[in-house]
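Below is one structure, written out as structure tokens; the observations come after it.
Throughout, a chain's letter reflects where its sequence line sits, starting with A, and its residues are numbered from 1.
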There are 2 protein chains.
Amino acid sequence: MTDVKSANNPLFLREEELRQAIELLFFAYRDFTAGPDQILKDYNFGRAHHRVIHFVGRNEGMTVSELLDILRITKQSLNRVLGNLIKRGFIEQRQGEEDRRQRCLYLTEEGRQLEQKVSRVQRDLVARAFREAGGDAVAGYRKVLMGLIDEDNRDTVLGRVLKP
Amino acid sequence: MTDVKSANNPLFLREEELRQAIELLFFAYRDFTAGPDQILKDYNFGRAHHRVIHFVGRNEGMTVSELLDILRITKQSLNRVLGNLIKRGFIEQRQGEEDRRQRCLYLTEEGRQLEQKVSRVQRDLVARAFREAGGDAVAGYRKVLMGLIDEDNRDTVLGRVLKP
DNA sequence: ATTTTACGTCAGTCATGTTGACATATATTT
DNA sequence: AAATATATGTCAACATGACTGACGTAAAAT
């Protein structure tokens with residue numbers, strides 16, 4: 001941040017720093033998803049299935065609309081993936097009790113096992129990175145990522161993430 | 001980290017914390033790519049084109065192999081995207097001087113303009129998040145993301161990211 | 001002279017996203 | 001009670017970006 005170059009041209013390093021941050025996110029995300037992708041291939045599932053299993057596992061009884069809202073995809077896209085997971089017995093639907101139009105989503109026992117298996121890989125990766133980086137770094141990581149989330153629904157999203 | 005729950009079950013909070021970190025990355029990445037995606041749609045380009053333009057812009061004269069190595073996709077996949085960008089005049093190839101089998105990649109003037117336009121959105125987003133989070137947080141962000149990068153080629157990747 | 005490397009290309013497939021139209025059951029509003 | 005709105009499902013067509021496998025060509029390395 002204080003450097004010969006930045007003394008001459010204060011914008012230079014800043015831009016370079018931002019570029020690095022962007023690439024870092026790209027590479028980290030790439031490797032972060034590689035583990036789950038690998039496991040899911042054995043089930044003929046993809047990343048889309050993973051996301052569904054993950055969010056349903058974390059929000060048992062959530063409705064289809066809520067899931068659509070999180071994933072930001074069309075219901076047609078979701079339905080192919082979700083239908084698949086239901087047909088193959090990883091997720092089950094129950095009619096909403098208050099509003100019987102709703103379909104509430106739950107993991108089956110099989111679904112829970114898959115969720116655990118896949119998320120373990122990812123959690124182990126993150127855990128190692130956290131351990132190596134230390135507590136302060138983790139706090140910074142969280143702070144920055146929160147800031148990257150779309151301001152317009154940041155509260156909603158963070159509410160969901162930090163939920164419990 | 002020190003809490004009623006974690007006193008009873010030290011694994012609980014840890015797992016929850018990791019889960020949050022994972023979702024945070026998911027949401028941040030989603031919103032981080034939304035801006036560029038939006039702009040690129042006007043050109044009938046997608047995220048794949050963006051990545052190519054980004055990395056070629058950052059590594060002028062890089063070869064096709066190097067690009068393949070970064071993106072981790074097949075040459076057939078790359079070729080559709082790359083061929084498209086070349087045909088439409090955003091990227092040009094020149095035969096390697098030392099090794100004339102190589103095709104070295106460069107942005108055209110038009111390509112550079114698009115790269116700037118798209119990356120500005122992303123840089124602005126990251127810049128705001130960095131400013132709001134503060135320098136220490138940024139250091140932590142970098143530390144953690146570096147730790148998420150696949151250990152086996154971490155040095156290679158970081159070498160590229162931190163290159164200049 | 002042979003083999004390896006860097007790149008390109010044809011052809012087919014799959015996963016995951018999109019739009020648009022329409023159907024059905026249940027809630028809500030008038 | 002009738003009309004409207006909402007939650008969900010479904011059919012069909014299409015785009016993007018990944019994949020595999022096979023084959024070709026030019027240049028470099030052995």
Aromatic contact, B:F90 with B:F45 (centres under 6.0 Å):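 Yes, the ring of B:F90 comes within the 6.0 Å limit of the ring of B:F45, centre to centre.
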
Charged tip of A:R142 within 45° of B:Y141 ring normal and under 6.0 Å: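 No, cation not above the ring by the 6.0 Å, 45° rule.
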
Please report, rounded to the nearest Å, how far the [atom2] atom of [N] is from the [atom1] atom of [X].
X     : N      : atom1 : atom2 : answer
B:N79 : D:dG24 : CG    : P     : 18 Å
B:Q93 : C:dA6  : CD    : C1'   : 12 Å
A:L71 : C:dT18 : CG    : P     : 10 Å
B:R94 : C:dA6  : CZ    : C1'   : 19 Å
A:L85 : D:dG9  : CG    : P     : 13 Å
B:K41 : D:dA15 : NZ    : C1'   : 13 Å
A:N84 : D:dG9  : CG    : C1'   : 16 Å

Non-neighbouring partners of B:F55 that pass ring pair (Phe, Tyr, Trp, His ring centres under 6.0 Å), sequence neighbours left out: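 Checked B:F55 against ring pair (Phe, Tyr, Trp, His ring centres under 6.0 Å); matches are A:F26, A:F27.
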
Side chain of B:Q76 - closest among C:dT19, D:dA22, C:dT26: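 For the B:Q76 side chain, the nearest candidate turns out to be D:dA22.
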
All side-chain contact (heavy atoms from CB on, under 4.5 Å) counterparts of B:A129, not counting sequence neighbours: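 Partners of B:A129 by the side-chain contact (heavy atoms from CB on, under 4.5 Å) criterion, ordered by chain and then number, come out as A:L148.
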
4.5 Å side-chain heavy-atom contact, B:Q102 and B:V64: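 The answer is no, as the side chains (C-beta and beyond) never meet within the 4.5 Å cut-off.
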
Co-membership, hydrophobic cluster, residues B:L71 and B:M62, 4.5 Å side-chain: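 B:L71 and B:M62: one cluster.
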
Transitive ILVMFWY side-chain link B:I39 to A:L18, under 4.5 Å: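 Result: yes, single cluster for both.
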
Neighbours of DNA chain C within residues 98-108 of chain B, by heavy-atom distance under 4.0 Å: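 Output list: B:R101, B:Q102, B:R103.
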
Sugar-phosphate only, base, or nothing, as touched by B:E66 at under 4.0 Å among non-hydrogen atoms: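 Nothing, no heavy atom under 4.0 Å.
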
Listing, residues 73-87 of chain A side-chain donor-acceptor contacts under 3.5 Å, not counting sequence neighbours, or none:
unit_1 : atom_1 : unit_2 : atom_2 : d
A:T74  : OG1    : A:S77  : N      : 3.2
A:T74  : OG1    : A:S77  : OG     : 3.2

Nearest-0.5 Å distance, CG of residue A:L125 to OG of residue A:S119: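 So the gap between those two atoms works out to 12.5 Å.
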
Any A:T74 side-chain nitrogen or oxygen under 4.0 Å from OP1 or OP2 of C:dT18: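 For C:dT18, OP1 or OP2 has a side-chain N or O of A:T74 closer than 4.0 Å.
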
Watson-Crick or G-U stems involving DNA chain C, each at least 3 pairs long, distances under 3.5 Å, ordered by first number: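 Looking at DNA chain C, the stems formed by three or more consecutive pairs are C:1-30 with D:1-30.
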
Upstream residue (5' side of DNA chain C) when A:E97 and B:L82 are each assigned their closest nucleotide: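 With A:E97 and B:L82 compared, the 5'-side residue is B:L82.
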
Contact nearer the 5' end of DNA chain C, comparing B:K75 with A:L78: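 Nearer the 5' end of the strand: B:K75.
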
Electrostatic pair B:R14-B:E16, nearest N-O below 4.0 angstrom: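 Answer for the salt bridge query: no.
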
Sole residue of B:R160, B:H54, B:K163 in side-chain hydrogen bond (donor to acceptor under 3.5 Å, both in side chains) with A:E23: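 Passing option: B:H54.
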
Closest approach of A:F32 to A:Q122 (non-hydrogen atoms, all atoms of both residues):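 Distance-wise, the nearest heavy atoms are O-NE2, 3.1 Å.
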
Using atom names, set out every protein N or O paired with an N or O of nucleotides 14-16 of chain C below 3.5 Å, distance rounded to 0.1 Å.
unit_1 : atom_1 : unit_2 : atom_2 : d
C:dT16 : OP1    : A:R47  : N      : 3.0
C:dT16 : OP1    : A:A48  : N      : 3.3
C:dT16 : OP2    : A:H49  : ND1    : 3.4

